[in-house]
Amino acid sequence: MTERVAIVGVAQTRFAPKRPDVNYGEMAYEVISRVLQDTGLALPDDIDNAISCSHDIWDGQTISDIGITDVIGGHLRAEEKMAMDGSTAVFYGAVGILSGEYSCSLLMAHTKMSQTNRNIVNNVAFDPIYTRMLGFDYTSAAALQARRYMYKYGITREDAARVVVKNLANAKRNPFAWQSGDLTVADVLSSPAVAPPLHKLDIAPDTDGAVALILASEERARKITDKPVWILGIGTCYDAHYLGDRDLSGVFALEKAAARAYAMAGIKNPRRSVDLAEVSDDFSYQELLWLEGLGFCDRGEGGRYTASGATALGGKLPVNPSGGVLSGVPANVAGLNRVAEAVLQLRGEAGDRQVRGANIAVAQGHSGFCGQHQCVVVLGN
Amino acid sequence: MKRNVAIIGGGQTYHAARRHDVDEPEMVNEAVRAALKDARMTIDEIDLVILGNMEFFEGTHMTDCWLVHGMGAYGKQGLKITTGGTVGATAVCAAAHHVASGLFDKVLCIGFEKQEEGDTGAILSGVANPLWGRSMAGAAVGYFAMMGSSYMAAWGAKEEHSAMVAVKARQNARRNKYAHLKLDITIEDALNSRMLAWPIRMLDMCPASNGACAMILADEKTAKSRSKKPVWIRATDTAHNEQFELDWRDVKTNRLIFSRACAGRLYRKLGITDPAKYFDVFEVYEPATWAELIWYEDLGLCGPGEGFRLIEQGRTNIDGPIPVNPSGGVLSTNCIGASAMLRVWEAALQIRGDAGEHQVPKDVRRALTTGYGGTNWTVMTALSKTLDD
Amino acid sequence: METKTEYKPFEVDQHLTAHGNYWAGKAGSRFYTALRDRKKILGSPCKACNKVFWPPRSVCTFCFGELKDLVEIGPLGTVETFTLVTYAEPIHPRPAPFICAVIRLDGADTGMAHFLDEVEFGQVTIGMRVKPVFAKDRKGNILDIRYFKPL
Amino acid sequence: MATKDKEWISIPMTVDVPYRFAAGSYMTKCLTELRDSGKIYAVECPKCKRVQLPPRVVCAECHVKNERWVELPHEGTLVGFTIMYLPLTDPTTGKPHEPPFVYGSVRLDGATSVLDHMVEVEPDMDKVWVGMRCRLVLRPKDERIGDLSDIRYFEPLPGQKKPQS
């Protein structure tokens, strides 16, 4: 990129299984007001446009950015909504700034998973002609992906369980996470079966929360903060839709999205260049799969790589020092939260979960079942 | 914007109340193929795909994911935008930003709705806040009815004036082979159509259509080398509006409202003061007849309270000095996710001189389009024939 | 001064209900009439990719070619992956627990997501050969195949 | 099989998504008071002084937090109306409001916002006009649930006639 885009502020709610005290607009306002306060910016004058990320069907309102127009500063101004994972909002926001149309943009993702039934919501994401009537949801689809991946590469449930153990231990250090603890692999294996090989602790819990983030052009960023975090590279990619069309053990879309992001960032060898990663571990095994797709280890090596301790806090390449999505981050917010956590790391503001000497971080998000659409963001300080 | 952006191709499906012969990916694919053909391009040349669609209208979550094959998005970068009725125009703006950013040279944007598949009535009532008004949802008809009654009371317009808009739209649509409601109707027909909510009658409202529109946007170098008739996107602007205060229907309001705020900014970007002279054709998003009259005023084509005089004098007819919606507009074709994009594409066709039977007779060098949706939102786009226009 | 009253968070139960009707289109209509009337399963061959796809489609996902033909595939197939859905949801067409799988039909290059039955979950393996059990009363939807069962 | 090829298959499917909506702190007070005491509560923007109904966390124009509560009277002025000839279905109950009925927009005294609701007058253009004074009629307390439907309708204040134009 000839011009640079910076992330100049982030805010996240304290995630919780249920927030009965706020509607989604008020929940969004919590993070919007905080990120404005932290950056010293004010609406409407200092922000050129706003991008929100949520889904009507999760929100229970048609054109659901209606419910956040007031709090995001959209009144009489530019406001867009995208219905994908929040990581893609960073892509969209960065493009707006690079186009020269905007110099400072407010991004926000929110979801209250507690207000509805995730399986019913997710079932509607399957094509209505051939698949939806069979009652699939993201968990049953993920179980098919998990088994295929395990079968092809000899990954075990223990390998996946180690991700849960690591991430929930990391989450103890993250004041925003709500699910954490000192678990053993045996605890994960013996949690109730949901859709084998997936058991309860392999699956990210229902969570309410929001994340906000402010992007700025280089010129604006220098005035706003002395700790800008730069978007070095960013890429997205769609895979095919139907479950049977995809190589479920593969990482076609993620590899392409990552290749695009790395090329833009000038990264030739991610294993050498990247200091930490925040990936969207909606399910335990997905962290292993995504590590491979991001090129941090060879195909099929995700389990061994994790077992080696490389991805632990203090390891060679800490992955999800925040505790990841398994520690409780809502759908759609997950990817923006990954970016926000990576920003905190690069700013040295990650508290007890800080990775020492972090200069380059990768954040990954996906939308659609089994990660059909992938987005990779490479950040640097 | 940092780079000039041009529309180098586009296409649309035939729009109709029923499209039983296609599923959603097939319908979208028709528009995508038409756009590629128009741009003399293959899908392999496209760098990124943007979809605009409202997920609830067809009752499908993540429509972009299902439609990947129809859109030609497999292995490509892409995103999906959902901003209500404006979404087609938002997708065009987003595509323009992607090109202007320098990261992409050729971007495909798509807007579609297959309204017959979903439960549009139930889903539209879901626009209301679940705790405030959903149980009372007066639907869009009630809102535009109050706009009409307010307009008549404020300026002395008559029901005949809305009927004139209804007739103009459907008569124009008869010249547009892609339009949905091609009705050979008279003022009397419009005035005698079924009353829905006084003063809104059946023919004062837009239909529920199935259809798709796709456009390909490119950077200046690509546009000049690949297209004989690139149409340039000169400026865009977006204004949303707060959730609960919908002052558009209060025609004498002193508040700055979305339509005037957006037009004001757009005109400042272009450095213009007389839009009626500056632009040669307008494609506005008019979900109801009265809204078109108010667009005339909010866009500054006439003074406040003079909109109904423009239609009365035929000034906005296809052969008038200020042609508005020669395509037949949203009153003739409303496939929600595509409607706002169709405004831009129809305006581009006018500039290219490719609008066929609904080509306005005068020389068209510049066009203005508006979208409409949400709780009174708009996205406006200004187009031109050359970069010197 | 206003006295501050504490209010219990107010919550409301609602449903959003949409009655949809999805048209199966060019490829889908031919697929479902063949399934309903002749118990035949069709797939879409793509000459350019040298592959046969299920589900049928009018455009190739991978090369964007227009696909017009349909060929018969299956009915026998091979299990590529599977799971046991242990939980019940109103969206399920059958009572839990039930087995979901991706089955690659003979002659096809992509798999079909469907159910397995007449087999214990513990007995299912990847690579297991299965055949479809058709519904008696077929309506032209995916449940015209009730499930697949081991050979 | 040529005839069969012309048959277009459709698959009916109902999407039914359950929700438990949290009103949030502002609407909680508003709806609880409406239900329990029949009072209408709005908020006033500290900056522009717009009195906003329903109450909400932020004034969209000023982007400041709304903190002052205002109790609104039950009387107001009709600022716009229509006669509805469509049976509108209440999506929360599935029951239709039978047409024709007058549907209007009323500004309660002291409010900046308007409130859209049914107006209990004959659907006759001589019996309803912009500027008509009206008051809201609530359901009996034991029938109220904390919803806009707790307001049955607006009724005209007695002793008014449509002004001659």
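Below, read A as the first sequence line, B as the second, and so on, with proteins coming before strands; counting in each chain starts at 1.
For the atom pair OH (C/Y32) and OH (A/Y130), the distance works out to 6.0 Å, reported to the nearest 0.5 Å. To the nearest 0.5 Å, the span separating OG1 on C/T61 from NE2 on A/H241 amounts to 10.0 Å. The CD atom of A/Q61 sits 9.5 Å away from the CG atom of C/L16 when rounded to the nearest 0.5 Å. C/H114 contributes atom NE2, which lies 9.0 Å from atom CZ of A/F136 (distance to the nearest 0.5 angstrom). Atoms CD1 and CG, from C/I91 and A/N117 in turn, are 7.0 Å apart once rounded to the nearest 0.5 Å. Atom-to-atom distance recorded for C/T86:OG1 and A/H199:NE2 is 9.0 Å, nearest 0.5 angstrom.
Contact count versus chain C (heavy atoms, under 4.5 Å) is highest, among A/D21, A/L243, A/N119, for A/N119. No other option in A/D127, A/T131, A/D137, A/L198 has as many heavy-atom pairs under 4.5 Å with chain C as A/D137. Ranked by heavy-atom pairs shorter than 4.5 Å toward chain C, the options A/I129, A/L134, A/T116 are led by A/L134. The choice from A/A141, A/G135, A/G60 that makes the most heavy-atom pairs within less than 4.5 Å of chain C is A/G135. For the set C/P55, C/A108, C/G28, the entry with the most heavy-atom pairs within less than 4.5 Å of chain A is C/P55. In terms of non-hydrogen atom pairs under 4.5 Å with chain C, the most contact-rich of A/I120, A/L248, A/V194, A/N123 is A/V194.
C/A96 does not touch chain A: none of its heavy atoms, backbone or side chain, sits under 4.5 Å away. For chain A, no part of C/P97 is nearby; none of its heavy atoms comes within less than 4.5 Å. Contact annotation for C/F62: only side-chain heavy atoms (C-beta onward) come within less than 4.5 Å of a heavy atom of chain A. Proximity to chain A (any heavy atom under 4.5 Å) is shown, for C/W54, by both the backbone and the side chain.
The two residues A/T139 and C/Y87 make their nearest non-hydrogen contact at CB-OH, 3.8 Å.
Side-chain atoms of A/R147 do not come within 3.5 Å of backbone N or O of C/T83 as any donor-acceptor pair.
The 12-atom threshold is not exceeded at CZ of C/R146, counting heavy atoms of other residues, nucleotides or ligands nearer than 6.0 Å. Surrounding CZ of A/R14 are at most 12 heavy atoms belonging to other residues, nucleotides or ligands under 6.0 Å away. Shown here is C/N50, whose CG atom has no more than 12 heavy atoms of other residues, nucleotides or ligands within 6.0 Å. Annotation for C/K40: atom NZ does not count as buried by contact number, only 12 or fewer foreign heavy atoms lying within 6.0 Å.
A salt bridge does not link C/E80 with A/K152: none of the charged nitrogens is closer than 4.0 Å to a carboxylate oxygen. The pair A/D245-C/K51 fails the salt-bridge criterion, with no side-chain N (NZ, NE, NH1 or NH2) lying under 4.0 Å from an Asp/Glu carboxylate O.
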*asked:* For a salt bridge (Lys or Arg N to Asp or Glu O under 4.0 Å) check, start with the C-alpha distance between C/E89 and A/R118, then their side-chain angles and the critical distance, and finish with the verdict.
replied: CA-CA 10 Å; C/E89 292 288 2; A/R118 67 151 85 179; over 6 Å; no
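Checked against a 6.0 Å centroid threshold, the rings of A/Y242 and C/F53 do not count as neighbours.
Contact check for A/R148 versus C/I126: side-chain heavy atoms found under the 4.5 Å cut-off. Between A/M133 and C/P93, the closest side-chain pair of non-hydrogen atoms is not below 4.5 Å.
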